[in-house]
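Note: hydrogens, waters and symmetry copies are ignored here, and every other heavy atom, side chains too, is used.
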Amino acid sequence: HYGRGQQVTHFVRAFTMSDPEAAAMIRAFLAGPEFEASAVEAFKEADTDHSGFLDKAETRQVVDALIVELGGGKLMDSEFEQAFADIDTDGSGKIEQSEFAAFTRAVFEAIADALEGSA
């Protein structure tokens with residue numbers, strides 16, 4: 001289950017640090033080789049039917065788990081449909097590993113931006 005992933009938990013803990021320190025940690029992770037490896041691993045964990053793609057149900061589990069890990073509530077169906085469309089950049093109706101990695105990167109970049117903005 002993606003929400004239990006080590007990297008997500010690590011970054012949730014970052015919120016207890018000073019904002020600039022947490023943002024710097026996130027940016028260092030995104031710039032390093034660990035990000036790509038963790039994105040591939042998280043994708044494989046989320047791809048519960050081993051199809052090589054994430055369908056809407058698998059994507060919903062990932063998105064909901066991530067939001068809950070970050071202290072939010074689950075998305076309404078309409079919000080999820082918009083999020084899915086945003087993640088599915090090629091409009092195929094399924095999430096490929098590259099789309100998932102881009103989504104994951106964007107989430108962590110947004111968190112770093114927010115932390116820097118609140119400093």
Side-chain angles (χ1 to χ4, degrees):
H1 194 263
Y2 181 74
R4 296 184 190 153
Q6 194 173 25
Q7 296 299 336
V8 172
T9 301
H10 186 67
F11 287 115
V12 170
R13 283 193 203 122
F15 287 108
T16 64
M17 300 177 175
S18 71
D19 294 339
E21 180 184 4
M25 183 185 74
I26 291 169
R27 295 213 189 275
F29 169 70
L30 291 173
E34 300 86 14
F35 171 74
E36 291 300 326
S38 67
V40 168
E41 181 182 327
F43 181 84
K44 287 179 181 177
E45 288 177 23
D47 183 18
T48 57
D49 65 1
H50 308 290
S51 66
F53 301 96
L54 301 185
D55 60 24
K56 281 191 178 183
E58 291 166 326
T59 305
R60 179 81 192 227
Q61 288 181 335
V62 169
V63 170
D64 284 347
L66 180 61
I67 291 170
V68 168
E69 283 286 334
L70 295 173
K74 292 184 179 181
L75 296 177
M76 294 185 306
D77 289 344
S78 62
E79 293 171 320
F80 171 73
E81 289 297 327
Q82 182 59 55
F84 187 88
D86 291 345
I87 299 166
D88 182 22
T89 57
D90 67 2
S92 66
K94 53 191 174 185
I95 306 303
E96 298 157 13
Q97 197 281 322
S98 61
E99 292 170 321
F100 180 81
F103 161 71
T104 305
R105 179 177 296 281
V107 168
F108 287 123
E109 286 174 349
I111 291 169
D113 289 348
L115 289 168
E116 289 170 342
S118 63

>> Is any side-chain heavy atom of F80 closer than 4.5 Å to one of T59?
In response: yes
>> If I take atom CD1 from residue I111 and atom CD from residue E116, how far apart are they, to the nearest 0.5 angstrom?
In response: 12.0 Å
> Taking 4.0 angstrom as the limit, do R60 and E81 come out as a salt bridge?
Replying inline: no
> When rounded to the nearest 0.5 angstrom, what distance separates CD in E96 from CG in L54?
Replying inline: 10.0 Å
> Do V63 and I87 touch side chain to side chain, with heavy atoms closer than 4.5 Å?
Replying inline: yes
> Taking all non-hydrogen atoms of both residues, which atom of L115 and which atom of A23 are closest, and how far apart?
Replying inline: CD1-N, 3.9 Å
>> Ignoring hydrogens, what is the shortest heavy-atom contact between G73 and I67? Give both atom names and the distance.
In response: O-CG2, 2.9 Å
> Can you tell me how far OG1 of T104 sits from CZ of F43, rounded to the nearest 0.5 angstrom?
Replying inline: 10.0 Å
>> Donor-acceptor pair, distance only, cut-off 3.5 Å: does the side chain of E58 make one with the backbone of D55?
In response: yes
>> Would a single hydrophobic cluster contain both F53 and V62, if residues Ile, Leu, Val, Met, Phe, Trp and Tyr are joined by side-chain heavy-atom contacts under 4.5 Å?
In response: no
> Taking atom OG of S38 and atom CZ of F29, what is their separation to the nearest 0.5 Å?
Replying inline: 3.0 Å
> What closest approach, in Å, do A39 and A101 show between heavy atoms, and which atom pair accounts for it?
Replying inline: CB-CB, 4.1 Å
>> Looking at K94 and E99, is there a salt bridge between them, counting it only when a charged N and a carboxylate O are closer than 4.0 Å?
In response: no
> Closest approach of D88 and G93, non-hydrogen atoms and distance?
Replying inline: OD2-N, 2.7 Å
> Is the backbone of G52 close enough, under 3.5 Å, to the side chain of D47 for a donor and an acceptor to pair up by distance?
Replying inline: yes
> Rounded to the nearest 0.5 Å, what separation is found between the NE2 atom of H50 and the OG1 atom of T48?
Replying inline: 7.0 Å
> To the nearest 0.5 Å, how far apart are CG in L66 and CZ in F108?
Replying inline: 6.5 Å
> Does some side-chain heavy atom of I95 sit less than 4.5 Å from a side-chain heavy atom of F84?
Replying inline: yes
>> Can you give me the closest heavy-atom contact between L30 and R105, atom names plus distance?
In response: O-NH1, 3.1 Å
